[in-house]
Amino acid sequence: MKYMLSFTVNGAPADVAVGPTETLLDVLRDRLGFTGAKRGCETGDCGACTVLVDGRSVRSCITLALTVQGKAVTTVEGLARDGKPHPLQQAFHDHGASQCGFCTPGMIVSLAELLEKNPEPCRDDARAAIAGNLCRCTGYVKIIDAAMAAARSPHKKGGPA
Amino acid sequence: MASSRILPEFELLLPQNIKEAVSALGKLKSKASVMAGGTDVVISCTKGFGSPNVISLAEIPGLDYVVYDSKKGLRIGAMATLQQVADNADVKKRYPALQRACAINGTPQTRNMGTVVGNIMRASPSGDCICAVLAIGGKIVLQGPKGKREVNIDDFYLKYRETACKADELAIEIKLPAISAKNAFARMTRTTLDLSKVNVACSLVMSGKTVKEARVAVGAVAPTTIRLKKVEAILKGSQITDEVLQKVVATVPTEIKPIDDVRSTAEYRRDVAGVMVKRIILEALGK
């Protein structure tokens with residue numbers, strides 16, 4: 001049996017009929033075409049599927065879609081503002097903080113939550129924020145460099161509502 | 001591409017209030033799992049160990065509270081996340097053992113999802129919040145079809161993954177007493193994100209330099225998290241001297257029954273548990 005899920009994705013309302021066993025990741029990727037969040041381990045371990053629900057980062061692969069009824073979901077696609085990349089997206093580009101790129105959306109979403117909570121983090125704060133995001137290319141140093149550059153950016157308070 | 005790992009079928013119930021949740025649980029009993037943040041329940045479903053019905057508390061309003069009162073103590077609602085509890089100023093000040101257990105549990109994302117009450121109810125012998133709460137002392141508030149009851153944490157864990165919560169009861173809150181006891185928590189893991197191979201917590205009521213009351217809990221070394229009654233007896237009435245601490249370290253292995261498993265060996269757990277208990281006693285006292 002399907003139930004109607006009404007929520008917002010990146011600020012736009014979405015209504016989707018979903019089954020009880022469908023995850024938020026399934027709905028974002030397969031129904032709504034937001035393929036930024038990646039399907040990695042599917043057991044909540046790797047962080048590739050990280051999205052924001054009401055501003056808090058969660059694992060969309062272990063979030064049942066019907067439990068986000070009425071909530072505001074932000075994926076990496078929703079971080080840009082006024083046609084400009086989020087400061088983190090720009091900094092990842094500038095610092096070469098992506099290698100294969102699979103972990104990048106999860107990294108950026110986790111760090112976006114950090115910058116919302118703490119606009120001036122230190123490197124250890126950034127490391128703690130991505131403690132649950134695995135990069136198999138092991139490019140962590142450049143990711144932290146990028147996080148620091150974004151934090152220094154004058155637009156660092158931008159990002160998800 | 002569709003999901004490579006389609007979840008086995010189950011029915012998802014989304015009650016709108018506690019009464020509806022208890023009524024659903026009363027009908028389904030052991031055929032239902034209660035889900036708060038889902039970090040355990042959804043993974044159990046993924047692995048094929050799920051129940052045919054999942055009762056989610058996500059749509060019940062007002063269950064995500066963390067409230068402190070200087071007389072009544074701390075109340076944590078069933079939907080309060082690990083991160084909420086870790087960030088709470090009163091928890092930081094008065095219950096550092098619980099704060100630490102929440103703050104180092106899992107990843108930022110699972111802390112935003114997982115709940116303290118969920119960690120307590122999962123009844124894993126390695127549950128970090130269980131260890132902290134067992135040391136601090138507290139009560140689990142259960143709502144059944146005939147009303148509410150409170151169970152002392154000391155009487156809550158019966159055997160491996162089995163609690164005093166009946167199949168038709170819903171855990172809605174955990175209560176910690178208003179205490180002045182110094183408390184601390186520590187755990188040992190192979191990597192930061194791993195489950196504990198050993199976790200320890202203590203809570204000490206001091207009268208000057210003398211321990212007036214002591215509660216010491218240790219997890220992942222027996223079928224349930226346990227209190228170390230012999231160690232507590234050594235501490236009670238004593239001053240924390242090197243000699244007393246040595247006696248504590250020697251006594252811990254006699255009170256635990258660790259096993260070999262994927263995270264550690266019985267021998268290693270027996271060796272480190274005593275040292276960890278000594279260290280958290282010193283940490284609780286600010287030494």
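Just so it is clear: chains get the letters A, B, ... in the order the sequence lines come, proteins before strands, and each one is counted from 1.
At a 4.5 Å heavy-atom cutoff, A:Thr35 makes no contact with chain B through either its backbone or its side chain. For A:Thr50, the part lying under 4.5 angstrom from a heavy atom of chain B is the side chain only. In this structure, no portion of A:Asp45 lies under 4.5 Å from any heavy atom of chain B. Residue B:Thr39 touches chain A through both its backbone and its side chain, counting heavy-atom pairs closer than 4.5 Å.
When the candidates A:Arg56, A:Arg59, A:Met1 are compared by the number of heavy-atom contacts under 4.5 Å with chain B, A:Arg59 comes out ahead. Looking only at heavy-atom pairs under 4.5 Å with chain B, the residue among A:Pro20, A:Ala129, A:Gly132 that has the most is A:Pro20. Comparing B:Ala58, B:Gly37, B:Pro108 by heavy-atom pairs within less than 4.5 Å of chain A, the highest count is held by B:Pro108.
The backbone N or O of B:Pro125 sits less than 3.5 Å from a side-chain atom of B:Thr225, completing a donor-acceptor pair. Without hydrogens or angle criteria, A:Arg81 side chain to A:Gly78 main chain gives a donor-acceptor distance under 3.5 Å.
Between the side chains of B:Asn199 and B:Ser126, no donor-acceptor pair is found at a separation under 3.5 Å. A donor-acceptor contact closer than 3.5 angstrom links the side chains of A:Ser6 and A:Asp15. Between the side chains of A:Glu77 and A:Thr75, at least one donor-acceptor pair of N or O atoms lies under 3.5 Å. Defined by atom type and a distance below 3.5 Å, a donor-acceptor pair is present between the side-chain atoms of A:Ser110 and B:Gln109.
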